[in-house]
Every structure is written in structure tokens, then in C-alpha cells.
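Residue numbers begin at 1 in each chain, while the letters A, B, ... track the order of the sequences. When reading the values below, keep in mind they use all heavy atoms of this one structure, side chains included, and skip hydrogens, waters and symmetry mates.
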Number of protein chains: 2
Amino acid sequence: MKQFFKEIFPVTQTSITDIEEKIEFVDLNKGTVFIEKDKINKKEYLLFSGICKSFLFNADGDEVTLSFYSGNAVLTPHTIRTQHNKSLLYFKTLTPCRLGLIDAENFIALMYTHEDIKNFANQILKNELMTKLEKEIGLLSLSAADRLKNFRVKHTNFENLIPHTDIASYLGITSISISRLRKALIHK
Amino acid sequence: MKQFFKEIFPVTQTSITDIEEKIEFVDLNKGTVFIEKDKINKKEYLLFSGICKSFLFNADGDEVTLSFYSGNAVLTPHTIRTQHNKSLLYFKTLTPCRLGLIDAENFIALMYTHEDIKNFANQILKNELMTKLEKEIGLLSLSAADRLKNFRVKHTNFENLIPHTDIASYLGITSISISRLRKALIHK
DNA sequence: TTACGATTTTATCAAATGATAACGACAGTA
DNA sequence: TACTGTCGTTATCATTTGATAAAATCGTAA
């Protein structure tokens with residue numbers, strides 16, 4: 001737990017303790033859809049280990065990968081819950097994952113009583129927004145090869161840990177294309 | 001004002017009046033950058049007429065268009081547009097625009113005292129997130145031609161009102177491509 | 001009106017990406 | 001061990017998109 005917050009946004013030992021006592025820990029196998037679109041959800045999710053992704057289905061019924069998360073990280077509140085507590089997205093594990101769940105209302109209460117926890121939450125939101133902006137800029141103005149290069153910097157070794165189809169649907173290309181790009185990038 | 005809220009999210013006459021008395025109205029010529037990245041900003045923006053866009057610059061220094069807004073509409077809310085009261089994005093007018101500005105803190109105060117204004121704000125936020133998701137899905141899984149088709153449905157007649165370069169940078173293609181696609185789509 | 005500058009279109013060619021199919025590698029299982 | 005299904009690669013060909021340059025169009029100001 002200490003390490004978790006140290007990596008993301010340092011908070012006091014008191015805050016860590018107060019969060020920890022409200023957390024429910026869960027271990028999931030890979031390939032588990034643990035948040036479903038349009039379903040009621042009232043939890044916050046801390047990812048302690050493993051890799052998971054958020055996704056939707058396009059008009060053809062294919063999965064479209066929006067974001068990856070790898071421990072240690074926090075899944076973003078906004079997309080998991082709208083004002084009616086319904087998720088906008090699906091989430092699934094791509095490797096075995098260890099998650100920490102907190103009741104969202106409890107967590108909000110902690111934000112009010114602990115200034116550093118509020119700052120922590122703001123940092124999470126900021127990170128997510130910046131990541132989204134960077135991704136959109138990449139999609140709008142970079143070639144697939146450059147998007148893959150950026151992906152490698154941001155998500156080191158993911159190509160050896162999760163299916164390439166998930167990476168392809170994140171980059172907006174086919175899995176055949178990613179294979180071709182991987183070959184082309186070897187000599188560069 | 002009545003028409004504005006009627007189109008977006010109906011609120012009571014009392015709420016309209018309470019908002020209206022805190023609004024500052026502004027008329028801008030086309031091509032005016034009225035929100036700048038990294039500059040202090042503490043306002044909410046209501047767009048009563050005209051078309052504007054949010055944008056950033058990519059690594060090559062080219063404008064990347066993120067979203068379009070046309071009256072009547074509300075621009076990206078302060079909460080997700082800024083961090084520490086500094087804007088994450090640029091906004092500029094693409095036609096003459098009539099805007100209404102409200103101090104963000106004043107607006108939040110109204111949300112606490114008026115349930116319908118809070119719901120209105122939540123609706124704006126949700127719409128913004130949904131629009132973003134739809135755009136990302138399009139970028140990830142549609143051809144440029146299909147993205148243009150969708151754009152035409154969502155932004156009727158924009159091709160006759162704003163520069164095609166802005167539309168191209170929104171769709172992630174060159175202005176030459178958009179011209180080619182326009183020709184190809186005439187016979188379909 | 002003419003002239004100028006910005007925008008849009010067109011043409012040509014090269015490069016990137018998709019579609020389809022076949023092949024190979026690999027893990028799990030009977 | 002052989003079988004099976006999943007995943008990744010490779011090959012071929014068609015299509016899409018970009019780059020560059022030139023021409024056409026449009027709006028605005030002199």
C-alpha cells in the first residue's frame with residue numbers, strides 16, 4: 001500500500017491507513033470482464049498488479065480498446081460512473097490482476113476529511129485527461145508506426161504481456177498491421 | 001435565454017433568471033482565440049450563436065482540432081477544461097460568435113442552491129464525455145470516408161460554414177484528402 | 001471592376017494500411 | 001504423443017491516404 005501511493009501520489013500514513021481499512025481486495029483471472037457498460041457501479045478501483053483495459057464495441061461488434069492500466073494505478077471514476085452511477089465502459093483483465101475496491105461514497109467522504117486524499121483524486125483525474133489528450137493528438141496526427149513507437153515508450157514490454165489484438169485496437173490498426181510494423185521497426 | 005435552455009436541458013424560469021443576472025455577454029469576430037492553453041481561466045462559457053473549436057498543437061506545430069461547438073451549446077466545463085485554473089486547451093471562433101461568460105465559482109454556487117442547474121451541469125458533462133467516446137471510436141475503427149459521413153450527420157452544413165482545414169484536422173486527415181472524399185461522396 | 005491572397009480542387013506518384021488466405025509457433029489437453 | 005484452438009507472422013493484392021505541385025475558385029480590398 002505504501003508503495004502504491006508512493007508511485008502515484010504520496011499521501012500521509014494516516015490517509016493510507018484510513019483508506020486501507022475500507023478496501024476490499026480481489027484477485028481476478030485474466031480475461032475477466034469486471035465492469036460492464038450501463039450497469040450500476042458504486043466502487044473505486046485500485047489496481048495493484050496486472051494489466052487491464054477499458055473498451056467498447058463499435059458498430060461491427062468489434063472491441064475498441066480505449067485505455068490500458070497496469071499496476072500500480074487507479075481506474076478513472078468519471079468513465080466508470082456517470083451521475084446515475086452507470087459505467088460508460090467495459091473493463092477487463094488482460095493478465096491476472098490484484099484489485100482493491102472501495103465504496104465510492106466512502107472514498108468521497110475521505111476526500112472531504114483528508115486534504116491529501118482529495119489532491120490524490122485530482123491527480124488521478126488530471127493524469128487521465130492528459131493521457132486522453134495525448135492519445136487523441138496521436139490518432140489525429142501520427143502514422144501507425146509513430147503511434148506504436150509512442151506506445152512502446154508509454155507501455156514498456158506490453159507487447160510481450162498482452163495479446164497484440166488489444167494493442168492493435170488501441171492504436172486503431174489491424175493485428176496484421178501491427179505485425180508488419182513490428183518487423184519494420186526491428187531495424188530502426 | 002429561454003430558447004437556450006429549452007434546446008439543451010430545460011430548467012425553471014427562476015434558475016434561468018438567476019443564471020442570467022451573472023452572465024457577461026460577449027461578441028467575438030471570427031478567428032479570435034478566446035481561451036489560451038496554460039493561461040489562468042475561471043469561467044464557464046455558453047455559446048449562443050456561431051461556431052468555435054477547441055484545439056492543441058502537435059509536435060510539428062500544426063493545429064489539431066479536438067471538438068467543435070455551435071450555438072446553442074455549452075463549451076467544455078471548467079472542471080475538465082482546466083487544472084489549477086489553467087486551461088488545458090485553446091479555443092477559437094471560426095465564425096462570429098455570441099458568448100455568455102459566467103464565473104465558474106458563481107456557477108458552482110448556483111448548482112448547490114438549484115437542483116435543476118446541477119442536473120443541467122451533469123448533463124453537459126455527460127454529453128461531453130459521450131461525444132469524446134464516439135469520436136475516439138470513430139478514429140479507431142472507421143475509414144476517413146465514414147468519419148466524414150458521421151461528421152456530416154452530427155455537424156450539418158459545417159462544410160459550408162468553416163474552413164475545410166479545420167474539419168480535416170478534426171477527422172485526422174489532410175485537407176487534400178477531404179477534398180477527394182467530398183468528390184467521391186457526391187455520387188453516393 | 002481588377003488584383004491579390006487564401007482556400008479548395010485536381011493530378012500524379014509514392015507510401016501506408018486493409019483484406020484475405022496460408023503458414024507457423026505455441027500452449028493446453030486428451 | 002497427437003490434436004486442437006489461439007495467436008502471430010508472412011505473402012499477395014487492392015484500396016486508402018499522404019506528399020507535392022499546379023490549377024481553379026472564392027472573397028475581399030483597392
Point to revise | Distance test, side-chain N/O of B:Ser177 to OP1/OP2 of D:dG18, below 4.0 Å | key: yes
Review point. OP1 or OP2 of D:dG18 less than 4.0 angstrom from a side-chain nitrogen or oxygen of B:Thr174, does that happen here?
Key: yes
Check your understanding: Taking the six-membered ring for Trp, are A:Phe151 and A:Phe158 parallel (under 30°), tilted (30 to 60°) or perpendicular (over 60°)?
Key -> perpendicular
Exercise for review: Establish, with yes or no, whether the OP1 or OP2 oxygen of D:dT9 is under 4.0 angstrom from a side-chain nitrogen or oxygen of A:Arg182.
Suggested key: yes
Review point. Atom CG of A:Leu171 to atom C1' of C:dA16: distance rounded to whole Å?
Key: 15 Å
Check your understanding: Nearest-Å distance, CG (B:Leu185) to P (C:dT8)?
Key -> 17 Å
Check your understanding: What is the distance from atom CD1 of B:Ile167 to atom NZ of B:Lys53, rounded to the nearest 0.5 Å?
Key -> 10.5 Å
Revision key, fill the gap. B:Lys183 NZ to C:dT9 P, in whole Å, measures 10 Å
Point to revise | Rounded distance (Å) that lies between atom C1' of C:dA16 and atom CD1 of B:Ile176 | key: 16 Å
Point to revise | Those residues that, when tested against B:Phe55, pass ring pair (Phe, Tyr, Trp, His ring centres under 6.0 Å) (two or more places apart) | key: B:Phe57, B:Tyr90
Point to revise | A:Ser179 side chain near D:dG8 phosphate (N/O to OP1/OP2, under 4.0 Å) | key: no
Point to revise | Distance in angstrom units between A:Leu148 CG and C:dT17 P, rounded | key: 10 Å
Study note, to complete from the structure: To the nearest angstrom, the NE2-P distance between A:His164 and D:dT10 comes to 12 Å
Review point. For residues B:Thr76 and B:Tyr69, is any side-chain donor paired with an opposing acceptor at under 3.5 Å?
Key: yes
Exercise for review: Please state how far atom CD1 in B:Ile178 lies from atom C1' in D:dT16, giving the value in whole angstrom units.
Suggested key: 15 Å
Review point. Are OP1 or OP2 of C:dA16 and a side-chain N or O of A:Arg180 less than 4.0 angstrom apart?
Key: no
